[in-house]
Amino acid sequence: SCNKEVHLEMIGEETEIDRNVVEALYEPMVHMIRNSIDHGLETQEARTAAGKPAKGTITLRAYHKGGNIIIEISDDGQGLNRFNILEKAIQSGIITGEEDLSDEEIYKLVMAPGFSTAAEITDISGRGVGMDVVKKAIEDLSGRIDIYSEEGKGSTFAISLPLTLAIIEGMLVRVG
């Protein structure tokens with residue numbers, strides 16, 4: 001529906017993960033892949049003008065790191081536009097514009113409730129169901145999302161989750 005050609009590359013299919021985590025990740029993953037296609041990848045014309053292949057690539061990578069599973073969704077698109085994000089965040093009242101934010105803090109603004117950079121409402125974007133829903137779903141699994149982006153080169157959304165949901169929060173108390 002975005003009229004873009006996309007190659008999906010999957011790395012780490014053999015990575016094992018708890019079935020409950022897989023089920024809980026389905027909706028957030030679909031949302032993030034759709035965002036990569038709609039917001040991340042340029043049109044074929046824009047890609048060829050920038051010297052890139054007409055067909056965009058989205059890479060889904062899964063691997064273990066320590067006691068966590070890392071799932072990265074990367075695209076070779078235009079990257080996050082710092083200026084556009086700041087402008088929309090100020091218009092939306094998420095920030096005042098007086099803050100001195102790092103790139104990482106600016107990128108995290110895309111996960112604020114109600115935040116959207118969509119110019120028009122489509123089947124994929126601008127419907128008010130944003131990255132805040134994805135962030136909440138990941139945090140409900142005791143995980144976090146980190147965002148890396150380079151303008152003109154693409155973006156990576158890295159989800160870090162515990163290997164299993166069987167881990168129970170607890171408190172250790174020592175008396176003596």
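The analysis underlying the following values was restricted to heavy atoms, covering all of them including side chains, and did not include hydrogens, waters or symmetry mates. All values derive from a computational prediction rather than experimental measurement. Numbering starts at 1 and runs along the sequence shown.
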Output yes when a side-chain donor or acceptor of Glu87 lies under 3.5 Å from a complementary backbone atom of Ile85, and no otherwise.
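Looks like no, no N/O pair under 3.5 Å.
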Any donor-acceptor pair under 3.5 Å from Ser149 side chain to Leu80 backbone
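Present.
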Hydrophobic clusters here meaning ILVMFWY residues chained together by side-chain heavy-atom distances under 4.5 Å, can you tell me if [X] and [Y] are in one?
{"X": "Ile33", "Y": "Val30", "result": "no"}
{"X": "Phe83", "Y": "Tyr148", "result": "no"}
{"X": "Val133", "Y": "Tyr26", "result": "no"}
{"X": "Leu8", "Y": "Ile71", "result": "yes"}
{"X": "Val22", "Y": "Val134", "result": "yes"}

Distance-minimising heavy-atom pair for [X] and [Y]:
{"X": "Leu141", "Y": "Ala24", "answer": "CD2-CB, 3.6 Å"}
{"X": "Leu60", "Y": "Met29", "answer": "CD1-CE, 3.3 Å"}
{"X": "Asn68", "Y": "Pro162", "answer": "OD1-CA, 3.6 Å"}
{"X": "Ile94", "Y": "Ala112", "answer": "CD1-CB, 3.7 Å"}
{"X": "Thr15", "Y": "Ala62", "answer": "OG1-O, 3.0 Å"}
{"X": "Gln44", "Y": "Lys4", "answer": "NE2-C, 4.1 Å"}

Ignoring hydrogens and angles, state whether a donor on the side chain of Glu9 or Thr59 is under 3.5 Å from an acceptor on the partner side chain.
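Yes, a side-chain donor-acceptor pair sits under 3.5 Å.
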Answer with yes or no whether the side chains of Thr48 and Glu45 bring together a donor and an acceptor at under 3.5 Å.
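No, because no side-chain N or O of Glu45 sits under 3.5 Å from a partner of the opposite role on Thr48.
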Hydrophobic clusters join Ile, Leu, Val, Met, Phe, Trp and Tyr when side-chain heavy atoms are under 4.5 Å apart, directly or via other members; which others share one with Ile70?
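Hydrophobic cluster check, Ile70: joined to Tyr63.
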Between Asp140 and Lys136, does any NZ, NE, NH1 or NH2 come within less than 4.0 Å of an OD or OE carboxylate oxygen?
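Looking at Lys136 and Asp140, the cut-off is met.
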Close side-chain approach of [X] to [Y], heavy-atom, < 4.5 Å:
{"X": "His31", "Y": "Arg34", "value": "no"}
{"X": "Val6", "Y": "Leu41", "value": "yes"}
{"X": "His7", "Y": "Thr57", "value": "yes"}
{"X": "Ser74", "Y": "Ile58", "value": "no"}
{"X": "Lys108", "Y": "Asp146", "value": "yes"}

Could you give the distance from [atom1] ([X]) to [atom2] ([Y]), rounded to the nearest 0.5 Å?
{"X": "Asp75", "Y": "Ile37", "atom1": "CG", "atom2": "CD1", "value": "9.5 Å"}
{"X": "Glu150", "Y": "Ser155", "atom1": "CD", "atom2": "OG", "value": "10.0 Å"}
{"X": "Glu151", "Y": "Asp103", "atom1": "CD", "atom2": "CG", "value": "9.5 Å"}
{"X": "Ile95", "Y": "Ile106", "atom1": "CD1", "atom2": "CD1", "value": "7.5 Å"}
{"X": "Leu86", "Y": "Leu101", "atom1": "CG", "atom2": "CG", "value": "6.5 Å"}
{"X": "Met131", "Y": "Ile138", "atom1": "CE", "atom2": "CD1", "value": "8.5 Å"}

Should the heavy atoms of other residues, nucleotides or ligands under 6.0 Å from CD of Glu104 be counted, would the total exceed 12?
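Not buried by this count: 12 neighbours or fewer within 6.0 Å.
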Neighbour count >12 (heavy atoms, 6.0 Å) for atom CD, Glu16
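Atom CD in Glu16 is not crowded, with 12 or fewer foreign heavy atoms closer than 6.0 Å.
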Could you give me the CA-CA distance, side-chain angles and deciding distance for Met111 and Ile147, then say whether side-chain contact (heavy atoms from CB on, under 4.5 Å) is met?
CA-CA 10 Å; Met111 293 187 274; Ile147 304 170; 3.5 Å; yes
Determine the sole option in Arg47, Lys55, Lys52 for which the side chain to side chain donor-acceptor pair (under 3.5 Å) test with Asp76 is passed.
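The passing option is Arg47.
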Check step by step if side-chain contact (heavy atoms from CB on, under 4.5 Å) holds for Met32 and Ile159.
CA-CA 11 Å; Met32 292 175 74; Ile159 301 169; 3.8 Å; yes
